[in-house]
Amino acid sequence: MGAFVYILRCSDGSYYVGSTRKSLERRLAEHDSGYFGGYTVGRRPVVLAWAEEFDRITDAIAAERKLKGWTRAKKEALIEGNLDLLRSLSKRGTRTGPAD
């Protein structure tokens, strides 16, 4: 069974990064319904902005932790698929967490 790491765009314009073993559609519906509470419950509706599938949940969780440390600009470059900008932002010392 695969796993996903994903970025949601919330109604207030913020981003939420998460991971799941469930189907991505099901997890998105859970966020959008407020099923789990937490960060996204007061920022609904949410929209899937980006996702990547992994073979192992441990890899998805590692990617989630990495993305949570990224700046908004880096997340937006990833969402837009602008890998040149993403590389440039990484080189400029825009790290906000232990792993970029």
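Only this structure's heavy atoms are used, side chains among them; waters, hydrogens and symmetry mates stay out. Here the structure is a predicted model, which means the values were calculated and not measured.
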Novice: Do the side chains of Trp50 and Leu28 join up, straight or via other hydrophobic residues, at under 4.5 Å, putting them in one cluster?
Specialist: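 Looking at the clustering, Leu28 is in a separate group from Trp50.
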
Novice: Answer whether the closest heavy-atom distance between the side chains of Asn82 and Asp84 falls below 4.5 Å.
Specialist: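 The answer is yes, as the side chains (C-beta and beyond) meet within the 4.5 Å cut-off.
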
Novice: Mind listing the closest non-hydrogen atom pair of Ser14 and Arg43 along with its distance?
Specialist: OG-CD, 3.7 Å

Novice: Please say which of Val46, Leu48, Ile79 ends up in a side-chain contact (heavy atoms from CB on, under 4.5 Å) with Arg9.
Specialist: Ile79

Novice: I need the minimum non-hydrogen distance between Ser19 and Ala60, along with the two atoms involved.
Specialist: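 Taking every non-hydrogen atom into account, CB-O, 4.1 Å.
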
Novice: List the atom of Lys66, the atom of Trp70, and the distance in Å for their closest heavy-atom pair.
Specialist: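 Residues Lys66 and Trp70, closest heavy atoms: O-CD1, 3.2 Å.
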
Novice: Do Leu24 and Val5 land in one hydrophobic cluster if side-chain heavy atoms of ILVMFWY residues count as linked below 4.5 Å?
Specialist: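 No.
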
Novice: Do any pairs count as a salt bridge (charged side-chain N to carboxylate O under 4.0 Å, His left out) and have a residue in residues 27-41, sequence neighbours left out, and if so which ones?
Specialist: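 Output for this query lists Lys22-Glu30, Arg26-Glu30, Arg27-Glu30.
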
Novice: More than 12 heavy atoms of other residues, nucleotides or ligands under 6.0 Å from OH of Tyr35: yes or no?
Specialist: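 Result for OH/Tyr35: open.
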
Novice: What distance do Glu64 atom CD and Asp59 atom CG have between them, rounded to the nearest 0.5 Å?
Specialist: 13.0 Å

Novice: With rounding to the nearest 0.5 Å, note down the distance linking CG in Leu78 to CG in Leu85.
Specialist: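 It is 11.0 Å, given to the nearest 0.5 Å.
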
Novice: With rounding to the nearest 0.5 Å, note down the distance linking CG in Leu86 to CD in Glu76.
Specialist: 12.0 Å

Novice: When rounded to the nearest 0.5 angstrom, what distance separates CD in Glu25 from OG1 in Thr20?
Specialist: 10.5 Å

Novice: For Ser11 and Arg44, run side chain to side chain contact (heavy atoms under 4.5 Å, CB included): C-alpha distance rounded to whole Å, both residues' side-chain angles, the deciding distance at 0.1 Å, then the answer.
Specialist: CA-CA 6 Å; Ser11 64; Arg44 295 176 287 160; 5.6 Å; no

Novice: Should Thr71 and Lys75 be marked as a side chain to side chain contact (heavy atoms under 4.5 Å, CB included) after you check the CA-CA gap, both sets of side-chain angles, and the distance that decides it?
Specialist: CA-CA 6 Å; Thr71 63; Lys75 289 174 187 168; over 6 Å; no

Novice: Who are the side-chain contact (heavy atoms from CB on, under 4.5 Å) partners of Tyr16, not counting sequence neighbours?
Specialist: Tyr6, Leu8, Cys10, His31, Tyr39, Thr40

Novice: Which is it for Leu67 and Tyr15 under the side chain to side chain contact (heavy atoms under 4.5 Å, CB included) test, yes or no, and what are the steps along the way?
Specialist: CA-CA 11 Å; Leu67 291 172; Tyr15 293 112; over 6 Å; no

Novice: Looking only at heavy atoms, which two atoms of Val41 and Gly34 are closest? And how far apart?
Specialist: CG2-CA, 3.8 Å

